[in-house]
Protein chains: 2
Amino acid sequence: MPRPAKHHPERGDARTRLLEAARDVIRAKGFAATSVDDLCKAAGVSKGAFFHHFETKEALGVAAAAYWAETTSAFFANAPYHRLDDPLDRLFGYVEFRKTIIDGDPAEFTCLVGTMTQEVYGSHPAIRDACAASIFGHAATLEPDIAAAMAARGIEADWTPASLARHTQAVLQGAFILAKATGGREDALDSVDHLKRYLTLLFSQPRSKGNTHDGR
Amino acid sequence: MPRPAKHHPERGDARTRLLEAARDVIRAKGFAATSVDDLCKAAGVSKGAFFHHFETKEALGVAAAAYWAETTSAFFANAPYHRLDDPLDRLFGYVEFRKTIIDGDPAEFTCLVGTMTQEVYGSHPAIRDACAASIFGHAATLEPDIAAAMAARGIEADWTPASLARHTQAVLQGAFILAKATGGREDALDSVDHLKRYLTLLFSQPRSKGNTHDGR
DNA sequence: ACGGATATACCAACCGACCGGTATGTTTCA
DNA sequence: TGAAACATACCGGTCGGTTGGTATATCCGT
């Protein structure tokens, strides 16, 4: 039985399909509850193919986290808010963009690496590290705008751009948990609104000199 | 449903030991990765005892969430910050108290029901509901102090005490994820500090409606 | 240009261990 | 003595992972 093969491209077809299946199924069921057979069925691939591309299930977890980091960073890099001139506007644009993503089922808008981190941080350090790299790498992309916004407004703070960037991720991850708990999006959106309000207050609260500017 | 009387209360009965084992093991390994045998071994009881007290593993998950709600609510109810006179002081006392708890290994200070929610929200609705009841029940205990603090300072806000209370839980849950990702507590503590700063800014806002933040 | 060696990409069948759960007791105590 | 509180042995199914194989693509000496 000759099967259609197309294997010169660097990344095989089955591998990508497995990674996409992992992204979807693990977000819905969690890493531990997702069996290799689940993944193979979702990807339309045999078990032999799975272990051809990934040494172990753990290795797939690591690759899935890396794939997530790749695809999401491209996704955010192409988002429209980057075209805004003011750094602070871009920061608010990011948060607003995150809000627009929160739609549909939690399995569709929540964070793969956040979910996996919480589940496997103790038992699969390799996956945990790959997830951490994704989370903190994404947070780091916010730092330049935060730093520029602070500089533009002469803000002297007892917090760093890095800590605020990571805090935004904490709020988002926590919002996802609330959304999963209720099954709805409202509490998550409310929490992101609180984050927006925090940013508004932070950047309209001159610590050093009285600078009067528009609140937004 | 009601607890049977203890016949021979030496060292606590098997049911409680299983619940405590569930609290510890599930926080470290997650619900799905924790087997019934794991729980029995950790609790020092036989498998027969497990299924004598819990119909299924899912039923144990529900009971573990309820046990968590019970024990944590007693824990917070006895915390010293409740003795403060001012409602806002009690709110900050709560947050500060949460900070002091963040110590040791993540498995020791993170939230059982937050972890379980994220993992089983899709596959075990009964557990998810029990976890949600614990999370939102705990958040609700903060509402009276928030409302009183708002009233005392004449704050008219576009947010409700309930939404702020839930936001505090979102930040804490998100902070736990950061802690699990890094293995350390610093990012978690930083995030809670941002929450404290947010509360400070919120409650030092001008009390009249003439403030300029549009928050959108 | 061509055949063979080699490597890649995949598949179906299979394996031992372990999973959640059960059947059948034995002990403990009101 | 009866029921609740445990314990032991076991079951069918599923788990992550292995085995042995096939079809195709690429390289290379001739």
Side-chain angles (χ1 to χ4, degrees), chain A residues 1-22 25-26 28-64 67 116 119-120 123-127, chain B residues 1-22 25-26 28-64 67 116 119-120 123-127:
Chain A
M1 223 36 179
R3 48 174 317 288
K6 183 142 184 70
H7 94 90
H8 195 253
E10 279 291 317
R11 288 310 198 198
D13 191 38
R15 189 189 141 95
T16 303
R17 301 235 304 275
L18 281 166
L19 256 13
E20 287 166 354
V25 180
I26 294 175
K29 308 207 314 177
F31 179 79
T34 298
S35 72
V36 173
D37 285 326
D38 286 340
L39 262 7
C40 292
K41 196 155 66 173
V45 147
S46 74
K47 214 164 178 177
F50 182 99
F51 285 100
H52 170 72
H53 289 289
F54 308 102
E55 270 198 13
T56 62
K57 187 190 172 189
E58 182 181 47
L60 167 108
V62 173
Y67 183 70
M116 282 207 294
E119 202 181 337
V120 306
S123 20
H124 295 286
I127 300 180
Chain B
M1 181 198 309
R3 288 292 322 287
K6 31 176 78 170
H7 292 234
H8 194 189
E10 81 179 57
R11 242 4 198 161
D13 57 334
R15 189 189 141 95
T16 302
R17 300 226 305 278
L18 281 166
L19 257 12
E20 286 165 354
V25 180
I26 293 176
K29 308 208 313 179
F31 178 79
T34 299
S35 72
V36 174
D37 284 326
D38 286 340
L39 262 7
C40 293
K41 195 152 62 176
V45 305
S46 72
K47 215 166 179 177
F50 183 99
F51 286 101
H52 172 74
H53 288 288
F54 307 101
E55 270 198 11
T56 62
K57 186 191 173 188
E58 183 181 45
L60 168 109
V62 173
Y67 183 70
M116 283 207 294
E119 201 180 339
V120 307
S123 20
H124 295 285
I127 300 180

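All values derive from a computational prediction rather than experimental measurement.
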Atom-pair distance ([atom1] on [X]; [atom2] on [N]), nearest Å:
X	N	atom1	atom2	answer
A/His52	C/dC11	NE2	C1'	12 Å
B/Leu60	C/dG21	CG	C1'	14 Å
B/Leu18	D/dC6	CG	C1'	11 Å
B/Arg15	D/dA4	CZ	P	15 Å
A/Ile127	D/dG16	CD1	C1'	13 Å
A/Arg17	C/dA9	CZ	C1'	13 Å
A/His53	D/dG16	NE2	C1'	18 Å
A/Asp13	D/dA25	CG	P	14 Å

- prompt: Do the side chains of A/Thr16 and A/Tyr67 get nearer than 4.5 Å, heavy atoms only?
  reply: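 They are in contact (side-chain heavy atoms under 4.5 Å apart), so the answer is yes.
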message: Taking ring pair (Phe, Tyr, Trp, His ring centres under 6.0 Å) as the definition, give me every residue that meets it alongside B/His124, ordered by chain and number, with sequence neighbours left out.
response: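 If we apply the ring pair (Phe, Tyr, Trp, His ring centres under 6.0 Å) test to B/His124, skipping adjacent residues, the hits are B/Phe31.
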query: Among residues 42-51 of chain A, which contact DNA chain D at a heavy-atom distance under 4.0 Å?
result: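 Within residues 42-51 of chain A, the residues near DNA chain D are A/Lys47, A/Phe51.
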- prompt: Considering residues at least two apart in sequence or located in another chain, which fulfil the side chain to side chain donor-acceptor pair (under 3.5 Å) criterion with A/Lys29?
  reply: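 In terms of side chain to side chain donor-acceptor pair (under 3.5 Å), with neighbours along the sequence ignored, A/Lys29 is linked to A/Asp38.
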query: Of the nucleotides D/dG16, C/dC10, C/dG21, which has the atom closest to the A/Val36 side chain?
result: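 From the listed options, D/dG16 comes nearest.
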field: Side-chain donor or acceptor of A/Glu119 paired with backbone N/O of B/Glu119 under 3.5 Å
entry: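 Checking the backbone N and O of B/Glu119 against the side chain of A/Glu119, no donor-acceptor pair under 3.5 Å is found.
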[atom1]-[atom2] distance between [X] and [Y], expressed to the nearest 0.5 angstrom:
X	Y	atom1	atom2	answer
A/Ile127	A/Leu60	CD1	CG	8.0 Å
A/Asp13	A/Arg15	CG	CZ	12.5 Å
B/Arg17	B/Leu39	CZ	CG	12.5 Å

query: Within less than 4.0 Å of OP1 or OP2 of D/dT14, is there a side-chain N or O belonging to A/Ser35?
result: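 The answer is no; no side-chain N or O of A/Ser35 sits under 4.0 Å from OP1 or OP2.
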field: Nearest-nucleotide 5' precedence on DNA chain D, A/Glu55 against A/Asp37
entry: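 Per heavy-atom nearest nucleotide, the more 5' residue is A/Asp37.
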